[in-house]
Amino acid sequence: MDLYDRISELSKRRGIFFPSFEIYGGLGGFYDYGPIGATLKRNIENKWMKIFVLKEGMVEIESTMILPSVVFEASGHIAHFTDILTKCTACNETYRTDHVIKEAGVEIREGLKAEELDKVIRKKDVQCPKCGGELEKSSPFNLMFKVEIGPYWRSITGYGRPEAAQAQFVDFKRVYSSERERLPLGIAQVGRCLRNEIAPRKGPIRLREFTIIDYEIFFDPDDSSYSRIELLEDQKLRILTSKEQTSGTNRIKEVTVKEALKKGLIGNEIQAYFLALAVRFMKELGVPPEKQRLREQLPEEKAHYSKQTFDQEVWLERWGWTEISGSAYRTNYDVSRHMTYSGKDLRVFKAFDKPKKVRKIIQKPNRELIQEDFGEETKMIIKLLSKSDPQVVKQNFEERGVYELPGPTSLKLYPKHVDFEIIETEATGKYFIPHVIEPSFGVDRVFYSILEYAYTEKGGRVILRIPRDIAPIKALVFPLVNKDGIPELAEKVYNLIIEKDIVARYDGSGSIGKRYARADEIGVPICITIDYDSLKDNTVTLRDLDTWSQIRMKITDLPEKLHRYIKGKKEFNDLGTPYNKNST
RNA sequence: GCGGCCGUGGUCUAACCUGGUUUAGGACAAAGGCCUUCCAAGCCUUUAAUCCGGGUUCAAAUCCCGGCGGCCGCACCA
């Protein structure tokens, strides 16, 4: 049995996680969390919130899981989250249609529809790469779950969100103003997401319904500095650059945050800071830094709008390097898309210290040439163009030679269609579309990674060394024997600590050794035993999960000292005086 | 979707190849009791399983077919 099998076995047995609707046979990509797992997962989410949001002075929101289709048209998910698939009529092999075509050496542009791709297949006589058989008619497969909102005779189409992120962009203006217009502004959201994966595998690593934490940090593209960078600038990062991957050497560069920025490995202070924070977060959850790496995505795997994307990967025994979080510099893509689709101005205004003369680009559509190429669509094109930022249009022409108009039509304009003029004007400030750095975490993957690094075996027993601040149950209370008034005192102790909000349970069954063993399996940091001495002097024995060492302390000190211990403000041996009754 | 392997109490498994001695066995866990002065001790009792459907056969956990589900590989993972 490998580590994954042993963790699965433990998880089923002790209520950590297990397949959903198991009594009906289960279904790939769906997992439930049991009593221990559900609390552990929430503790992870809360810790993330504390570190990334509370301590950074940022905010969180909570949005809906179902959104109308227009949001996903704007976000690009309708277009890009769809795979167009085809099947070989002879050998039944399934392919992505665009992949087979490209494999056959035929150049095609992105975003073709199913019928268009099929046309190419017929024209170029593309066949099944495996057996040479004929390919079936293509059909689109969208990885989003489609839902009909409202009764069927007047329903509108919506989708289950495949990420938590869109609401941050859609709600940006509201949150920005309620947070009194400050930048950088981070807006986080932890929430359930849905992706209709074709073939989910790998247990809790690839799910159809899962929890994601999306964090959108909005900032002024002219100022990506982050004041708290000093706190982490000496932290070491293990970076695998895209260059090292393409060259095949795959050497990991170990540099400090400061060096990474200086050498340009990470292009942006905000991104560097939160990458460093992500590494520290996982370290605090028990994944050592040398078992983590930051892999820069290759240009071809990166989304086209992303300037730079890193995957935070953790080494897992069965699956090797596994992505648990990503950090993408998404530029102003999302906000600008929602501007054009909603027609609302989502730019922010920033006043200059004093008014200054600025040169401003304005665009002038070349009506005649547009008319010539697009005929009656001219009016619509000019309207759509007026909603586009001239700077962005010009930049597209310069970099790609073409500008794709927003909206479902995906019409393309070329430099000849638009003239630009630079005018001088006086400005009291500037309007701009904020740029966004997006760290996002797969909570279920973080959860599983923690279990892998917490799982240990000692003398045939399982010990789950979960860091104590996220342990689902903080303390177990045991009566040494079930007689002579000891259970009564033990129950008093139990009540005392749960009254003080310490998550605890009482266990009086079986032998004391058996109870310790049960505690170890679900990572309970502290076991409290009440014995005959407790009746005399009101002291109890505490046992530490990691070392099994024991100390003795006063019952009245329990609540406060336990709180401090759980928060990591005190070490186990400082809780009381050493105790050695258990040596055998 | 394809190919390979697989599916027995809560967990891990035996019996499957070679159908019948099985009332489906064991270990661990769990529940109740006895015992018990700090690491899965012992004793007694109890609960508890052949994924679903069809076929072959006097007889199916076992052989065959189909379905469902899982793991691994391929593909996919915006």
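Lettering follows sequence order; numbering is per chain, from 1. Being a predicted model, the structure only gives us computed values, none of them experimental.
Of the candidates B:C72, B:C12, B:C71, the closest approach to any side-chain atom of A:Met1 belongs to B:C12. Side-chain atoms of A:Glu9 lie closest to B:U11 of the nucleotides B:U11, B:A41, B:C38. With B:U37, B:C2, B:U11 as the choices, the nucleotide that has an atom nearest any side-chain atom of A:Tyr532 turns out to be B:U37. Which of B:C72, B:G69, B:A40 sits closest to the side chain of A:Arg461 comes down to B:A40. The A:Ile198 side chain lies nearest to B:C76 when the options are B:C39, B:C76, B:C38. With B:C72, B:U11, B:C38 as the choices, the nucleotide that has an atom nearest any side-chain atom of A:Leu480 turns out to be B:C38. For A:Thr541, counting side-chain heavy atoms from C-beta on, the closest listed nucleotide (B:A40, B:C39, B:C38) is B:C38. Nearest to the side-chain atoms of A:Asn482 among the listed nucleotides B:A40, B:U36, B:C38 stands B:U36. Of the candidate nucleotides B:C71, B:G1, B:A30, B:G1 has the atom nearest to the side chain of A:Ala199. Listed nucleotides: B:U11, B:U37, B:A30. Nearest to the side chain of A:Lys483: B:U37.
The partner of B:G10 is B:C28, judged by Watson-Crick or G-U wobble contacts that both fall below 3.5 Å. As the counterpart of B:A61, no nucleotide is assigned, since no Watson-Crick or G-U wobble pattern has both distances under 3.5 Å.
Atom CZ of A:Phe21 is surrounded by more than 12 heavy atoms from other residues, nucleotides or ligands within 6.0 Å.
Considering only side-chain N and O atoms, A:Ser511 lies nowhere under 4.0 angstrom from the phosphate OP1 or OP2 of B:U36. Taking only side-chain nitrogens and oxygens, A:Arg518 never comes nearer than 4.0 Å to OP1 or OP2 of B:A29. For the OP1/OP2 pair of B:C72 and a distance below 4.0 Å, the side-chain nitrogens and oxygens of A:Trp319 include at least one atom meeting the criterion.
The closest side-chain heavy-atom distance from A:Leu316 to A:Ile205 is below 4.5 Å.
Across all strands shown, A:Arg6 has no heavy atoms under 4.0 Å from either base or sugar-phosphate atoms. Counting non-hydrogen atoms under 4.0 angstrom, A:Gly76 reaches nothing in the nucleic acid. Among the protein residues, A:Glu521 comes within range of the nucleic acid bases, having at least one heavy atom under 4.0 Å from a base atom. Counting any heavy atom pair closer than 4.0 Å across all strands shown, A:Leu10 reaches no nucleic acid atom. A:Arg201 comes within contact range of at least one nucleobase, with a heavy-atom separation under 4.0 Å. Nucleic acid contact for A:Ile512: sugar-phosphate only, since backbone atoms but no base atoms lie under 4.0 Å from a heavy atom of the residue.
Under the 6.0 Å distance and 45° angle rule, A:Arg515 counts as a cation-pi partner of A:Phe478.
When the P atom is compared between B:A24 and B:C52, the two are found 16 Å apart, to the nearest whole Å. Rounded to whole Å, the separation between the P atoms of B:C63 and B:U21 comes to 16 Å.
Per the geometry, CG belonging to A:Leu476 stands 19 Å off P belonging to B:C38, to the nearest Å. Atom CD1 of A:Ile23 is separated from atom P of B:G7 by 22 Å (rounded to the nearest Å).
Both A:Arg543 and A:Gly25 sit near RNA chain B, but only A:Arg543 has its closest nucleotide nearer the 5' end.
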